[in-house]
Amino acid sequence: MKVIFQKQNFVIEKQISLFSKTNKINEGAIVLFVGKARHKYKDKKILSIDIELYEKMAIFQTKKIIKNLKKKYNILDYLLIHRFGKIKPGENIILILVSSEHRKQSFGFSEELIDWLKVKATFWKKEHFSKNSKWVSQKESDRKLIKT
Amino acid sequence: MKVIFQKQNFVIEKQISLFSKTNKINEGAIVLFVGKARHKYKDKKILSIDIELYEKMAIFQTKKIIKNLKKKYNILDYLLIHRFGKIKPGENIILILVSSEHRKQSFGFSEELIDWLKVKATFWKKEHFSKNSKWVSQKESDRKLIKT
Amino acid sequence: MKILYFASLKESIGKREDTIQIDGKKKIYQIIDELKNSDSNYNTAFTKIKNLQYAVNCEYVNKNSFVTNKDELAIFPPVTGG
Amino acid sequence: MKILYFASLKESIGKREDTIQIDGKKKIYQIIDELKNSDSNYNTAFTKIKNLQYAVNCEYVNKNSFVTNKDELAIFPPVTGG
């Protein structure tokens, strides 16, 4: 049951291995989601991205939403890692790991959490191209998934 | 892009490591789902389960649904492992790994695939308790997720 | 024609498959009726197990579908994979 | 009161935070209007960047909310986490 915001990259296998070690009574489902930095935006090659973080608010808000989602989906365990700082294409940005008795609980928790993070967690992405840099715009499609 | 039905257990870390090695152009999301054998059914301790398989039909039907889901969600890669035979509580039963450009594609593919497998793939589970054994009933809630 | 039984149906009938001969084509429910009349094991199994599913050559069908000698018919209770 | 700026707003204003003094309480939009009047950098930034979000002490609020000297106000463009 952890929320980690960190600069350094993480290794998926290592995280799932640590996560699996803790004993969960009657665990029936594990869902993992990893978001990765893409190589292109439309047709433009991305050289790297920078993620800015308002840490105090991100921690406060994320803990609040997770508290609600834990209750709503009655999950057994979770791990959230979200990176900030400089990230290269192909590297991991975010990891969500969830464990529950039934599959719909883990799927619901992880999807609702990532939907929420996209429009409410105080992280901002900037993409660096060969000729310029641009702050990423929030997607209208993501905004629609979250009420208020 | 593989469907594997096997008796032996699998190691999640190893599968995700192999899956991540193949290069996927502009990959932005990975979703993993693992279904595990639970220790209890209601209050009764499960000693082991047996999964029977009509392999020819399971392969034929699974390949058909995956072909449709691949097109529907435009995913980059997938792996499905489903075990049969004798399985002990806590062991893995099924693994789905999906990779896509955007998260909704991987979540949609994996959720729809597992929903489908629950009511259409020709596997049958039998749970062994200390005093008796019982074929598992298909869940009404799962049946409702799949049209016809 | 080959008929395959699975899971509780297989256990109740006491075997995993049958091979029968049919002239021309028959509907699945006719074949089941004939099996039920031939032996009390079949009668018990087919009466007891609810919501049986049918597949011909690996495609789901309903019991009004026709089969011929070249087909593989599978009969089984609702699946519980995943 | 501390005001924090993030992302494109921070870049456009040219600094990450301000400390201002207010008497009693003020609405957020009043504070922004005063900043805009005080300096063309603020005026450009607050005019150019659309859909700004406001948070007081880490809670999302709208720009009609009141703040006092003890609060931490954060102003930023829509987030793009995940």
Side-chain angles (χ1 to χ4, degrees), chain A residues 3 5 33-38 41 49-65 80-84 87 92-96 110-127 133-143 145-148, chain D residues 1-20 22 26-29 31-32 35 41-82:
Chain A
V3 175
F5 300 148
F33 168 75
V34 171
K36 303 183 76 169
R38 282 187 288 269
Y41 171 74
I49 63 169
D50 264 301
I51 301 184
E52 187 173 329
L53 166 61
Y54 177 17
E55 189 167 21
K56 188 164 64 167
M57 179 162 170
I59 289 174
F60 175 78
Q61 291 283 334
T62 304
K63 288 198 168 166
K64 202 161 65 164
I65 185 77
L80 166 65
I81 302 177
H82 197 313
R83 292 178 66 199
F84 60 96
I87 294 173
N92 308 315
I93 298 175
I94 179 170
L95 171 134
I96 298 173
S110 48
E111 276 207 80
E112 209 169 315
L113 179 56
I114 177 66
D115 287 351
W116 181 90
L117 288 164
K118 290 267 174 192
V119 296
K120 292 288 179 183
T122 46
F123 291 83
W124 297 267
K125 291 195 188 92
K126 190 175 194 175
E127 291 173 333
S133 296
K134 223 173 159 307
W135 289 97
V136 174
S137 297
Q138 199 180 75
K139 280 193 198 166
E140 177 65 26
S141 58
D142 285 335
R143 201 150 46 230
L145 296 170
I146 304 290
K147 343 145 205 39
T148 72
Chain D
M1 186 189 62
K2 210 193 238 182
I3 311 178
L4 307 176
Y5 312 111
F6 292 96
S8 55
L9 183 67
K10 179 187 73 182
E11 284 186 350
S12 186
I13 291 174
K15 50 178 162 174
R16 64 174 63 247
E17 66 180 78
D18 274 313
T19 303
I20 62 163
I22 49 177
K26 249 181 201 163
K27 289 193 172 186
I28 293 169
Y29 75 80
I31 291 170
I32 292 173
L35 288 168
N41 256 10
Y42 289 107
N43 191 37
T44 309
F46 281 109
T47 307
K48 188 176 67 181
I49 299 162
K50 302 301 176 198
N51 302 313
L52 284 173
Q53 316 275 298
Y54 313 93
V56 174
N57 307 324
C58 299
E59 290 280 13
Y60 279 101
V61 295
N62 67 51
K63 63 181 171 184
N64 293 310
S65 297
F66 283 105
V67 286
T68 71
N69 254 338
K70 289 176 304 183
D71 291 323
E72 177 173 291
L73 169 64
I75 312 177
F76 45 80
V79 306
T80 51

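Quick note on labels: first sequence line is chain A, next is B, and so on, each numbered from 1. In this text the structure is predicted, and so the values were computed from the model without any measurement.
- Contacts between residues 71-80 of chain D and chain A, counted as heavy-atom pairs separated by less than 4.5 Å, involve D:E72, D:A74, D:F76, D:P77, D:P78, D:V79, D:T80.
- Residue-level contacts of residues 47-59 of chain D with chain A, in order of numbering, are D:A55, D:C58, D:E59; threshold 4.5 Å between heavy atoms.
- When each of A:I51, A:I114, A:V136, A:D142 is checked for heavy-atom pairs under 4.5 Å with chain D, A:V136 comes out on top.
- Within the 4.5 angstrom heavy-atom criterion, only side-chain atoms of A:K64, from C-beta onward, approach chain D.
- In terms of the side-chain contact (heavy atoms from CB on, under 4.5 Å) criterion, residue partners of A:S133 (sequence neighbours excluded) are, by chain and number, A:K126, A:H128.
- With sequence neighbours left out, D:Y29 forms a side-chain contact (heavy atoms from CB on, under 4.5 Å) with D:K27, D:D33, D:K63, D:N64.
- By the neighbour-count criterion of 12 heavy atoms within 6.0 Å, atom CZ of A:R143 is densely surrounded, having more than that number from other residues, nucleotides or ligands.
- Heavy-atom distances place no part of A:I59 under 4.5 Å from chain D, backbone and side chain included.
- Taking 4.5 Å as the limit, some side-chain heavy atom of A:Y54 sits within range of a side-chain heavy atom of D:L4.
- Checking side-chain atoms of D:Y60 against main-chain N and O of A:K120 turns up a donor-acceptor pair under 3.5 Å.
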